[in-house]
Amino acid sequence: MLPKAINLQTSSWGHLFICSLAFLLICARIFAQDTPYFRDVTAEMGLNFQHVNGFSPERRLVETMGSGGALLDYDNDGDLDLYLVQGNELPKGNPNVVNRLYRNDGGYFTDVTIETGVGDSGYGMGAVAADYDGDGHTDLYVTNLGRNVLFRNRGDGTYADVTNQAGVACPQLSTSAAFADIDRDGDLDLYVCNYVQYTLENDAACYFKDLRIYCGPNDYQGIADTLYRNNGDGTFTDITKAAGVFEPTTRGLGVVFTDVNNDGFIDIYVANDMTPNTLFVNQGNGKFREEGVLRGCAYNGDGIANGSMGVDAGDYDNDGDIDLWVTNFSLEANCIMENDGTGAFFDMTFDIGLAAPSFYALGFGTCFIDFDNDGWLDLIVGNGHIWDNVDQIDSKLDYSQPVQLFHNQRGIFTDVTSKIGLDKNSYVVRGLLCGDIDNDGDTDIVLCQSNRPAVILRNEIGHQGKWLSVKLVGLDKNREAIGARVRLTANGITQTREVICGASYLAGNDLRLLFGIGDADQIEQLAVRWADASTQTFGPLTSQKFLVLRQK
């Protein structure tokens with residue numbers, strides 16, 4: 001009933017007002033239900049990047065693998081810039097087809113490739129960004145078919161190619177890469193995934209009946225990944241064999257540095273294509289031991305080695321340890337591996353609602369994100385088949401596919417893709433980048449597509465929940481505190497996060513830690529275990545802010 005003071009009962013204008021108000025309320029409710037959680041703001045932010053994969057009727061393997069990129073603050077102005085990796089024309093390549101760097105100018109991206117000097121024209125795969133030399137400026141490592149490239153940030157708005165001096169060219173078919181301090185000596189080491197023994201000259205011809213298709217991994221010999229130790233003087237040493245991570249026949253596609261057994265030393269989990277995924281457990285003495293089978297994360301729950309692509313690590317169930325997530329080929333469910341607290345894993349994919357929705361999709365880039373800032377890590381997956389003609393092979397499968405979002409409801413996941421609008425468009429995603437691009441307290445997404453434009457999806461609802469963004473500044477040369485672990489207690493929940501440089505697929509993500517805390521105004525405690533295992537505790541703290549914490 002309307003208040004009597006309005007006195008509209010006997011007025012025809014009053015009846016009109018009431019009807020109009022009711023109509024507007026209904027429309028608002030409908031609009032609220034239909035408004036997507038993410039919105040395509042690519043044109044609005046001025047991004048115009050078209051990936052070139054060199055497509056040919058021969059369907060060369062490398063054409064269908066890329067591309068990726070990295071989110072980074074290259075100019076130290078407090079917002080995320082965007083580096084996108086380009087393929088090229090094949091077989092000879094076009095020197096004008098280059099990777100692009102876009103500066104974030106208050107929500108609009110400006111192409112600064114030429115003036116910064118990062119326009120590599122190699123046939124690119126992915127990128128990862130970190131301050132490897134500890135000078136306070138974020139550098140870039142780019143993976144290619146052939147020579148990879150390390151760009152050192154000079155700090156004056158330009159980069160220098162220091163690949164040869166640093167010794168990290170790794171001239172294979174490299175895919176994902178990641179930085180972390182594996183030996184706790186204060187500087188960042190580098191892991192590079194290598195896929196198969198491949199050159200354009202040895203590209204195989206593959207068919208389904210009479211239909212030419214892109215070859216699968218079993219048509220090529222696998223090859224070992226590469227681990228580089230940072231020598232602290234701008235150079236790196238290949239320690240793959242010496243450190244115990246030499247696996248000569250794997251097909252590495254995704255990698256994440258994470259501490260699976262909570263001993264303060266960084267371990268390495270690698271998503272391999274049709275070979276068992278590998279878990280290299282850090283022994284604390286500069287050496288690793290491969291324990292993927294022993295710890296239950298080499299195969300899925302049925303004992304099968306999947307065609308794995310994307311990977312991430314996060315505490316999805318808020319029990320204080322780090323779980324693993326892997327995206328797989330179509331007609332294979334993606335896998336979530338739950339940590340039992342000791343670094344042993346169990347495939348919980350079917351138990352918590354993630355199997356059936358992922359069966360027909362082909363997953364590549366992926367991230368744990370708390371898209372609604374409720375304190376529980378959700379999952380977003382970029383999909384897209386490798387065969388552009390897959391519908392001629394299986395009518396149930398499509399080349400372009402929707403991005404999927406899985407809502408974490410206290411340890412059980414619900415596929416909310418159809419409810420939020422992400423199913424209304426389909427993409428051919430490879431790399432998927434995650435970060436707070438507009439600095440509004442929620443996680444946005446960049447989709448790197450194969451032979452298609454890059455896409456920015458802005459989070460439209462996450463900032464409605466309370467949040468805290470944490471940037472850690474470490475000592476020594478690991479200025480970005482990569483490998484540090486943070487435990488935040490608020491709203492009756494304790495969340496555990498790590499500063500991870502790499503993960504997803506061909507991607508580098510925002511290094512800031514974004515915590516959603518629901519409707520809480522205050523954080524009771526924030527505890528940091530730094531990369532060197534020293535600890536600091538902060539709190540109480542208020543929410544809704546960007547916090548910078550420095551190691552002492």
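Only heavy atoms go into these numbers, but all of them, side chains included; no hydrogens, no water, no symmetry mates.
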Item to check | Stepwise side-chain hydrogen bond (donor to acceptor under 3.5 Å, both in side chains) test for Arg430 and Asn53 | outcome: CA-CA 12 Å; Arg430 297 300 182 252; Asn53 72 351; over 6 Å; no
Next on the checklist: Quick one, Asp225 with Tyr191, criterion side-chain hydrogen bond (donor to acceptor under 3.5 Å, both in side chains). Give me CA distance, side-chain angles, the key distance, then yes/no.
Outcome noted: CA-CA 8 Å; Asp225 298 338; Tyr191 191 97; 2.7 Å; yes
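- Between the side chain of Asp370 and the backbone N or O of Leu377 there is no donor-acceptor pair closer than 3.5 Å.
- Between the side chains of Gln551 and Ser534, a donor-acceptor pair is found at a separation under 3.5 Å.
- Ring geometry for Phe151 against Tyr159 counts as perpendicular: the plane angle is over 60°, on a 0 to 90° scale with 30° as the lower cut.
- A salt bridge is absent between Arg154 and Asp139: the closest approach of a Lys/Arg side-chain nitrogen to an acidic carboxylate oxygen does not fall below 4.0 angstrom.
- In this structure a side-chain-to-backbone donor-acceptor pair under 3.5 Å is missing from Thr42 to Val455.
- Residues Tyr37 and Phe371 place their aromatic rings such that the two centres sit under 6.0 Å apart.
- The closest donor-acceptor contact from the side chain of Thr116 to the backbone of Val112 lies under 3.5 Å.
- Applying the ring-ring contact (aromatic ring centres under 6.0 Å, His included) test to residues at least two apart or on different chains, the pairs with a partner in residues 446-489 are Trp467-Phe546.
- The closest side-chain donor-acceptor pair between Thr443 and Asp436, if any, does not fall under 3.5 angstrom.
- Applying the side-chain hydrogen bond (donor to acceptor under 3.5 Å, both in side chains) criterion to Gln495, with sequence neighbours excluded, gives Arg497.
- In the model, Asn144 has a side-chain atom that pairs as donor or acceptor with a side-chain atom of Asp120 under 3.5 Å.
- For the atom pair CE of Met65 and OG1 of Thr175, the computed distance is 6.0 Å after rounding to the nearest 0.5 Å.
- Ile268 has its side chain out of reach of Val281: every pair of non-hydrogen atoms, C-beta onward, lies at least 4.5 Å apart.
- Considering only heavy atoms from C-beta on, Leu82 stays 4.5 Å or farther from Leu101 through its side chain.
- Counting heavy atoms from C-beta on, the side chains of Leu90 and Val62 come closer than 4.5 Å.
- Arg229 and Asp183 are not joined by a salt bridge, as no carboxylate oxygen comes within less than 4.0 angstrom of a charged side-chain nitrogen.
- Counting only distance, with no hydrogens or angles, the side chain of Thr226 and the backbone of Thr240 share no donor-acceptor pair below 3.5 Å.
- Taking SG of Cys448 as the reference point, atom CD of Gln86 lies at 11.0 Å (rounded to 0.5 Å).
- Judged purely by atom type and a 3.5 angstrom limit, Asn272 has no side-chain atom pairing as donor or acceptor with the backbone of Thr250.
- For Asp111, the side-chain hydrogen bond (donor to acceptor under 3.5 Å, both in side chains) test picks out Arg100, Thr113, with sequence neighbours left out.
- By the 6.0 Å contact criterion, OH on Tyr198 is enclosed, its count of non-hydrogen atoms from other residues, nucleotides or ligands being greater than 12.
- Exactly one residue among Val256, Val311, Thr366 makes a side-chain contact (heavy atoms from CB on, under 4.5 Å) with Trp325. That residue is Thr366.
- Residues Leu379 and Gln404 fail the side-chain proximity criterion, which asks for heavy atoms closer than 4.5 Å.
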Item to check | Test side-chain contact (heavy atoms from CB on, under 4.5 Å) applied to Val486 and Leu526, step by step | outcome: CA-CA 7 Å; Val486 176; Leu526 190 151; 3.8 Å; yes
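- Between the side chains of Ser67 and Gln449, not a single donor N or O lies within less than 3.5 Å of an accepting N or O.
- Around the CG atom of Asn48, the shell of radius 6.0 Å holds no more than 12 heavy atoms that belong to other residues, nucleotides or ligands.
- Annotation: side chain of Val97 is not in contact with side chain of Ser121 (no heavy-atom distance under 4.5 Å).
- Using a 3.5 Å distance cut-off with no hydrogens or angles, the side chains of Asp105 and Thr110 do pair a donor with an acceptor.
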Checklist entry - Does the ring-ring contact (aromatic ring centres under 6.0 Å, His included) test come out yes or no for Phe236 and Tyr132, once each step is laid out? => result CA-CA 10 Å; Phe236 291 79; Tyr132 80 91; 5.8 Å; yes
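- Scanning for side-chain contact (heavy atoms from CB on, under 4.5 Å) contacts around Phe265 gives Arg184, Asp263, Asn282, with sequence neighbours left out.
- For the side-chain contact (heavy atoms from CB on, under 4.5 Å) with Leu72, the qualifying choice from Asp131, Asn153, Thr138 is Thr138, the only one to do so.
- Interatomic distance, Ile456 CD1 to Leu447 CG, rounded to the nearest 0.5 Å: 9.5 Å.
- Asp372 places no side-chain N or O within donor-acceptor distance of the main-chain N or O of Asp378, the cut-off being under 3.5 Å.
- At distances below 3.5 Å, at least one donor-acceptor pair connects side-chain atoms of Asp73 with backbone N or O atoms of Gly78.
- Side-chain polar atoms of Thr258 and Glu498 form a donor-acceptor pair below 3.5 angstrom.
- Counting only distance, with no hydrogens or angles, the side chain of Thr143 and the backbone of Asn148 share no donor-acceptor pair below 3.5 Å.
- Annotation: side-chain hydrogen bond (donor to acceptor under 3.5 Å, both in side chains) contacts of Gln536 (sequence neighbours excluded): Trp530.
- The backbone N or O of Val403 lies less than 3.5 Å from no partner atom in the side chain of Asn383, so there is not a single donor-acceptor pair.
- Side-chain contact check for Asn439 and Arg512: at least one donor-acceptor pair (N or O, by modelled atom type) lies under 3.5 Å.
- Inter-residue side-chain proximity for Asp181 and Asp189 is flagged as met; some heavy-atom pair is nearer than 4.5 Å.
- Residues Arg251 and Asn194 have side chains that never bring a donor and an acceptor to within less than 3.5 angstrom of each other.
- Between the CG atom of Leu279 and the SG atom of Cys297 there is a distance of 4.5 Å, given to the nearest 0.5 Å.
- Applying the ring-ring contact (aromatic ring centres under 6.0 Å, His included) definition to pairs two or more places apart or across chains, none involves residues 74-97.
- Electrostatic pairing of Arg458 and Glu44 counts as a salt bridge here, judged by a charged N lying under 4.0 Å from a carboxylate O.
- Of the possible donor and acceptor atoms, one in the side chain of Thr327 sits under 3.5 Å from a partner among the backbone N and O of Phe364.
- Contact check for Leu472 versus Arg550: no side-chain heavy atoms found under the 4.5 Å cut-off.
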Item to check | Worked verdict on Thr489 versus Thr494 for side-chain hydrogen bond (donor to acceptor under 3.5 Å, both in side chains) | outcome: CA-CA 4 Å; Thr489 301; Thr494 297; 2.9 Å; yes
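- Ring-plane geometry between Phe280 and Phe288 is classed as perpendicular, the angle between the planes exceeding 60 degrees on a 0 to 90 degree scale with a lower cut at 30.
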Item to check | Stepwise side-chain hydrogen bond (donor to acceptor under 3.5 Å, both in side chains) check, Thr237 with Asn231 | outcome: CA-CA 7 Å; Thr237 299; Asn231 298 322; 3.0 Å; yes
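- Relative ring orientation between Phe49 and Tyr102 is described as perpendicular, the plane-to-plane angle rising above 60° on a 0-90° scale split at 30° and 60°.
- Contact check for Ile223 versus Pro248: no side-chain heavy atoms found under the 4.5 Å cut-off.
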